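Below is one structure, written out as structure tokens; the observations come after it.
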Amino acid sequence: DGGITQSPKYLFRKEGQNVTLSCEQNLNHDAMYWYRQDPGQGLRLIYYSQIVNDFQKGDIAEGYSVSREKKESFPLTVTSAQKNPTAFYLCASSIEQTYGYTFGSGTRLTVV
Amino acid sequence: DAKTTQPNSMESNEEEPVHLPCNHSTISGTDYIHWYRQLPSQGPEYVIHGLTSNVNNRMASLAIAEDRKSSTLILHRATLRDAAVYYCILRVGHGLMYSGGGADGLTFGKGTHLIIQP
């Protein structure tokens with residue numbers, strides 16, 4: 001079955017370390033997105049990519065970086081510059097904006 | 001960006017219909033209305049979306065007001081598995097190339113926490 005795979009499900013990081021969250025999709029979707037969710041809150045857009053080798057900043061891009069070298073993959077790096085990285089991170093993809101998004105199951109990042 | 005307003009929470013009984021309202025008074029002509037739901041510690045799940053006409057699928061129905069300033073998600077017969085946070089979101093439908101500013105990404109508010117009583 002097609003879908004989006006995020007790994008790992010849980011991730012612990014020491015302060016000052018960079019960490020990369022994986023997102024892979026086999027839906028042949030052009031667009032991919034990264035969101036952050038804090039407890040009891042909605043989702044906030046970090047970065048999105050509409051096509052390979054191109055990506056755009058979302059509402060809260062500071063302290064994060066992404067790459068889109070392949071259509072299937074859109075990894076997110078949480079850098080040490082992100083002041084409050086502990087959160088639930090969600091990856092999504094979409095064939096184009098008139099259709100719905102497909103979300104992954106998320107990665108819960110905790111800074112220790 | 002056009003925003004939506006939803007009640008913080010709603011409660012319903014199992015096997016009864018549920019009507020989840022959403023106001024979007026600043027919607028533009030090209031905005032699609034999307035609904036998603038999210039269970040704890042899971043990613044949101046697509047439910048339904050529409051532009052102007054009412055829409056039905058196996059999960060739910062979407063009723064869109066004639067002026068498009070509000071919509072209602074209808075769960076015809078709620079089950080305990082329908083207990084979740086429901087998000088009503090607007091998505092711009094320009095095409096892959098965006099002429100204006102702003103991100104191509106759904107803006108999620110806090111949604112409506114739907115509680116189903118057995």
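Numbers restart at 1 for each chain; the letters A, B, ... are given by sequence-line order, proteins then strands. Source: prediction; values computed, not measured.
- Scanning all heavy atoms of the two residues, the minimum distance from S41(B) to K9(A) falls at O-NZ, 4.4 Å.
- Residues M59(B) and I74(B) do not share a hydrophobic cluster, defined by chaining ILVMFWY side chains whose heavy atoms lie under 4.5 Å apart.
- Scanning all heavy atoms of the two residues, the minimum distance from Y87(B) to L43(A) falls at OH-CD1, 4.2 Å.
- In this structure, chain B has heavy atoms under 4.5 Å from both the backbone and the side chain of Q41(A).
- Annotation for F88(A) and Q42(B): closest pair CE2-O, 3.7 Å, computed over non-hydrogen atoms.
- In this structure, I89(B) is a member of the same hydrophobic cluster as L45(A), with clusters built from ILVMFWY side-chain heavy atoms closer than 4.5 Å.
- Taking 4.5 Å as the heavy-atom cut-off, the residues of residues 103-112 of chain A that approach chain B are F103(A), G104(A), S105(A), R108(A), ordered by number.
- L80(B) and V47(B) fall within the same hydrophobic cluster, where Ile, Leu, Val, Met, Phe, Trp and Tyr residues are linked whenever their side-chain heavy atoms come under 4.5 Å apart, directly or through other members.
- A chain of hydrophobic side-chain contacts below 4.5 Å, direct or via other Ile, Leu, Val, Met, Phe, Trp or Tyr residues, connects I116(B) to W35(B).
- Between Y101(A) and Y46(B), the shortest heavy-atom distance links the atoms O-CB, 3.7 Å.
- With a 6.0 Å radius and a threshold of 12 heavy atoms from other residues, nucleotides or ligands, I51(A) has its CD1 atom at or below the threshold.
- Put simply, CZ on F108(B) and CD on Q37(A) are 9.0 Å apart, with the number rounded to the nearest 0.5 Å.
- Hydrophobic clustering (ILVMFWY, side-chain heavy atoms < 4.5 Å, transitive): L27(A) and Y35(A) are in distinct clusters.
- Within a 6.0 Å radius of CG in N8(B), no more than 12 heavy atoms belonging to other residues, nucleotides or ligands are found.
- Across every non-hydrogen atom of G43(B) and L90(A), the tightest pair is CA-CD2, 3.4 Å.
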